[in-house]
Amino acid sequence: MIRLVLLGGPGSGKGTQADVLKKKYALVKLSTGDLLRQEIAKNSELGKQAKSFMNKGELVSDAIMIGILEHITADFEAKGQGYILDGFPRTVPQAEALLSMLGKQGVTLSTALLIDVPEEELVRRLSSRWTCVRCSATVGYPDGKPEGAVCAQCGGELYQREDDKRETILNRMSVYKKNTEPLIAYFREKKMLERVDGFGTFEEISGRILDLFAKKNIR
Ligand code: AMP
């Protein structure tokens with residue numbers, strides 16, 4: 001059973017590449033960002049707590065996130081359902097909690113896959129990124145969104161995430177560097193890290209990832 005962590009800066013294409021792996025290996029994708037956005041849309045207690053942090057590009061607390069993940073991973077394990085974590089862990093304490101919860105479940109992570117993209121490219125991509133209201137697919141419009149453009153996957157309306165606006169992007173990048181980048185060294189030390197070059201077209205990058213999985217016999 002595959003248990004995968006995807007690492008990469010905001011805008012690295014983690015979510016989109018997770019969708020490729022999800023189809024290929026019959027996995028479920030758990031995007032903690034999508035999960036929190038759904039809670040905000042429902043105006044739940046969790047959504048209310050998360051909203052102000054998210055809109056500023058700050059992280060939601062480790063305690064809240066770890067609590068959510070503990071239930072969800074146990075549930076996947078009980079069902080024998082392989083999974084991809086997109087957006088979790090985001091801090092070293094979250095990574096420690098993840099490895100400890102997997103340990104308690106008697107299993108280990110298949111790999112932590114880093115999609116490596118230079119920072120200037122991330123900022124460029126995020127500031128041109130539009131997201132589908134319905135299916136969360138994203139599309140980049142570096143020269144501005146054309147009038148009337150809709151989601152190519154499902155025809156849903158496109159919007160610019162509050163945290164994809166310019167001022168927030170810079171804050172998200174610094175939050176990423178401070179809190180999440182250290183995870184690269186963390187997983188490397190544990191010999192759990194794999195890296196692919198995240199510069200190129202969507203197809204080039206998914207090709208690299210699928211080749212790596214075949215080579216490392218991850219399935
Ligand atoms: P994302 O869609 O992964 O870019 O996440 C959007 C926002 O959700 C982040 O900027 C955080 O505010 C929040 N978030 C998502 N996952 C986590 C996490 N694992 N820990 C803390 N905050 C998170």
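Atoms within each ligand, like the ligands themselves, are counted from 1 in listed order.
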> Between Asp86 and ligand 1, is there a nitrogen or oxygen pair with a distance under 3.5 Å?
Replying inline: no
Residue, atom and distance of the protein heavy atom nearest atom 11 (C) of ligand 1 read Glu58 O, 3.5 Å
Check your understanding: Is the shortest heavy-atom distance from the side chain of Leu69 to the side chain of Met101 under 4.5 Å?
Key -> yes
Nearest non-hydrogen protein atom to atom 22 (N) of ligand 1, with distance, is Val60 N, 3.1 Å
among protein heavy atoms, the one nearest atom 8 (O) of ligand 1 is Met54 CE, 3.3 Å
* To do: May I ask you to decide whether Glu58 forms a salt bridge with Arg172, counting only side-chain N to carboxylate O separations under 4.0 Å?
  => no
Quick note on ligand 1: atoms under 4.0 Å from a heavy atom of Thr32 include exactly 15 (C), 16 (N), 17 (C), 19 (N)
| field | Leu109 and Leu102, any side-chain heavy atoms less than 4.5 Å apart | value | yes
among protein heavy atoms, the one nearest atom 19 (N) of ligand 1 is Gly87 O, 2.9 Å
In this structure, does ligand 1 have an atom that sits under 4.0 Å from one of the heavy atoms of Lys14?
no
Atom 1 (P) of ligand 1: closest protein heavy atom, distance to 0.1 Å, is Arg90 NH2, 3.4 Å
Going through the checks in order, is the side chain to side chain donor-acceptor pair (under 3.5 Å) test met by Thr111 and Glu194?
CA-CA 7 Å; Thr111 195; Glu194 296 293 344; 4.6 Å; no
The answer for which part of Thr91 has a heavy atom under 4.0 Å from ligand 1 is neither
| said: Does the residue Lys56 have a heavy-atom contact with ligand 1, meaning some pair of atoms that are separated by less than 4.0 Å? | reply: no
Worksheet item: Would Thr73 and Gln105 count as a side chain to side chain donor-acceptor pair (under 3.5 Å) if you check the C-alpha gap in whole Å, the side-chain angles of each, and the deciding distance to 0.1 Å?
Response: CA-CA 9 Å; Thr73 56; Gln105 293 162 8; 3.2 Å; yes
For ligand 1 and Gln94, I'd like to know whether there is a polar contact (N/O to N/O, distance under 3.5 Å). yes
Next on the checklist: Would Asn179 and Thr91 count as a side chain to side chain donor-acceptor pair (under 3.5 Å) here? Give the steps.
Outcome noted: CA-CA 5 Å; Asn179 298 290; Thr91 63; over 6 Å; no
TODO: Could you please spell out the steps behind the side chain to side chain donor-acceptor pair (under 3.5 Å) verdict for Gln94 and Asp62?
DONE: CA-CA 6 Å; Gln94 289 182 15; Asp62 285 340; 2.9 Å; yes
shortest atom 23 (C) of ligand 1-to-protein heavy-atom contact is with Leu36 CD1, 4.0 Å
